[in-house]
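Following: one structure in structure tokens, then a few remarks.
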Protein chains: 2
Amino acid sequence: MPLKIGELARLSGCQVVTIRYYEKEGLLPQPERTSANYRLYDESDVERLHFIRRCRLHGMNLAEIRSLLAFKDHPTVSCAWINDLVDRHIADVERQIASLQHLKTHLEALRHTCAGDHVQGCGIIDTLDHGSPCACCHEEHCHLNELSAEAPKRKTKRNG
Amino acid sequence: MPLKIGELARLSGCQVVTIRYYEKEGLLPQPERTSANYRLYDESDVERLHFIRRCRLHGMNLAEIRSLLAFKDHPTVSCAWINDLVDRHIADVERQIASLQHLKTHLEALRHTCAGDHVQGCGIIDTLDHGSPCACCHEEHCHLNELSAEAPKRKTKRNG
DNA sequence: GTAGTGTCTATAGTAGCTATAGAGTCAAGC
DNA sequence: GCTTGACTCTATAGCTACTATAGACACTAC
């Protein structure tokens, strides 16, 4: 019993446009078509979409998912690279968490510079204007307090 | 001593194209021009760009920065909304951190399902295929283990 | 005059979708 | 047979915050 794209969307939790998009991006094979040119799917497509969604929810991008699907379809090499991929994702997530925690400290410091309800002289605006030595960055290199320190490298003869 | 766009870029730490982009987006005013149509800036533009960059580094989007700049240019209302804005950002960052920490737990569990170096039968692929009851989600609602449970709401008469 | 750099505008690309337009298809009800 | 409503089709544009490219013009040192 073949499925039309709307039924596949319902079963997989994806949207119709997303399914078409995945097809265009090569994550889903070109499906059969009815005489009216409607796409026809089956259970294996539901599972493939579940796989894709789980990968997306784990933060993988479409290129990575394409590789994983290719391995799944034709597992001809060692899967060691999949472990590397997941390891890199874990490291990346850790970096993001650290960066966000740092940002949070700054935002909280920023928040404390103003009690609100002024028309002029808002402490938050002042801090964004002139920067503030934030307690969390006294010793470490903090990109939130450095602006033009490192000018972009240029290779001119005249100004170099 | 007016600055050309390249000098402004160097002083502000922005790229030339980004400065033109900010102008197009209304974050920077239309600058004076030379007879050869070159943009001319001054110190106030350096400061404005520093302000913009600090906002960006604090995770604000261009629409928010536009509002902040408008307030800075013409502070006619109370700044209480700025505190709300920062509060919302803090809450948002906290949500992101929690979500990433959750994701990290899942990625680590995923990582442990395979020791690598197989050609077929990779545990990671299997887990992505079928999902896994992850220890971190036993009791709470976990979107990483739910896929098609909640079908998108539809308002048809025929299938509803 | 020429070489090397800088600047100009306009356009397209990035990721992963989402939204829209305009047309064709299908099934139920009259 | 006709209408209505839901569904499907393709193609295109939009989202964010830039980044990259092309082709033309400007400036300065030699």
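Residue numbers begin at 1 in each chain, while the letters A, B, ... track the order of the sequences.
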- Task: Write down the distance between CD (Gln15(A)) and P (dA19(C)), rounded to a whole number of angstrom.
- Result: 7 Å
- Query: Below 4.0 angstrom, N of the basic side chain to O of the carboxylate: do Asp92(A) and Arg95(A) qualify?
  - Reply: yes
- Task: Specify the residue among Ala36(A) and Ala36(B) whose closest nucleotide of DNA chain D lies further upstream toward the 5′ end.
- Result: Ala36(A)
- Query: Does Tyr41(A) have Lys4(A) sitting over its ring (NZ/CZ under 6.0 Å from centre, angle to axis within 45°)?
  - Reply: no
- Query: Reckon Arg20(A) touches a base, only the sugar-phosphate, or nothing at all at heavy-atom distances under 4.0 Å?
  - Reply: base
- Ile90(B) vs Glu94(B) side-chain heavy atoms within contact, under 4.5 Å: yes
- Query: CD of Glu64(B) versus C1' of dA17(D): gap in Å, rounded?
  - Reply: 13 Å
- Note on the structure: Arg33(B) CZ to dC27(D) P, in whole Å, measures 14 Å
- Item | From CA spacing to verdict: salt bridge (Lys or Arg N to Asp or Glu O under 4.0 Å), Lys72(B), Asp129(A) | CA-CA 10 Å; Lys72(B) 215 161 96 78; Asp129(A) 242 346; 2.9 Å; yes
- Message: Just the rounded figure in Å: distance from P of dA17(D) to CD of Glu23(B).
- Response: 18 Å
- Query: When you match Tyr38(B) and Leu62(B) each to their closest nucleotide on DNA chain D, which lands nearer the 5' end?
  - Reply: Leu62(B)
- Item | Spacing of Met60(A) atom CE relative to dC17(C) atom P, expressed in whole Å | 14 Å
- Item | Interatomic distance where CZ belongs to Arg53(B) and P belongs to dC18(D) [whole Å] | 10 Å
